[in-house]
Amino acid sequence: MSDNIQTNTTGRLTPCLQKKIDKTTYLVEVHFSETSTQSIEDKLKRVILHDLEHGKQGKSGKSGEK
């Protein structure tokens, strides 16, 4: 996956991620709310706690690991 800066439809530069899977290239633009009151640390903690509460754990694609 590569990190890029793209010009979005409003003409502003936005960070984006580009990932090619088979013959399809996915371009994901990142959007941050200018009115948000949460820090990135707060958001990440919320996501991690949500995943822990719902039994979701990162699973690697490597064979032999569980």
Side-chain angles (χ1 to χ4, degrees):
M1 196 176 320
S2 62
D3 294 339
N4 292 315
I5 301 292
Q6 298 285 331
T7 303
N8 66 13
T9 56
T10 62
R12 298 179 71 186
L13 295 177
T14 57
C16 67
L17 304 171
Q18 185 174 338
K19 175 75 175 179
K20 186 168 186 171
I21 300 175
D22 296 325
K23 295 180 179 180
T24 304
T25 301
Y26 297 90
L27 185 63
V28 180
E29 290 186 19
V30 180
H31 169 76
F32 299 98
S33 171
E34 294 180 14
T35 59
S36 176
T37 58
Q38 274 188 319
S39 68
I40 187 66
E41 291 85 5
D42 293 335
K43 289 177 186 281
L44 288 173
K45 284 180 190 176
R46 182 172 45 89
V47 168
I48 292 168
L49 289 173
H50 179 270
D51 284 353
L52 289 173
E53 289 172 359
H54 292 86
K56 295 179 184 177
Q57 296 178 358
K59 300 205 180 354
S60 69
K62 298 177 185 175
S63 61
E65 291 185 11
K66 294 184 180 183

Response to the item:
Between the NZ atom in Lys20 and the OG1 atom in Thr25, the distance rounded to the nearest 0.5 Å is 4.5 Å
Discussion item. Under 4.5 Å side-chain heavy-atom separation, chaining through any Ile, Leu, Val, Met, Phe, Trp or Tyr, what else clusters with Ile40? Say none if it is isolated.
Written reply: Leu44
Worksheet item: Which heavy-atom pair separates His50 from His54 by the least distance, and what is that distance?
Response: O-ND1, 2.8 Å
Worksheet entry | Residues in side chain to side chain contact (heavy atoms under 4.5 Å, CB included) contact with Ser39, at least two apart in sequence or another chain | Glu41, Asp42
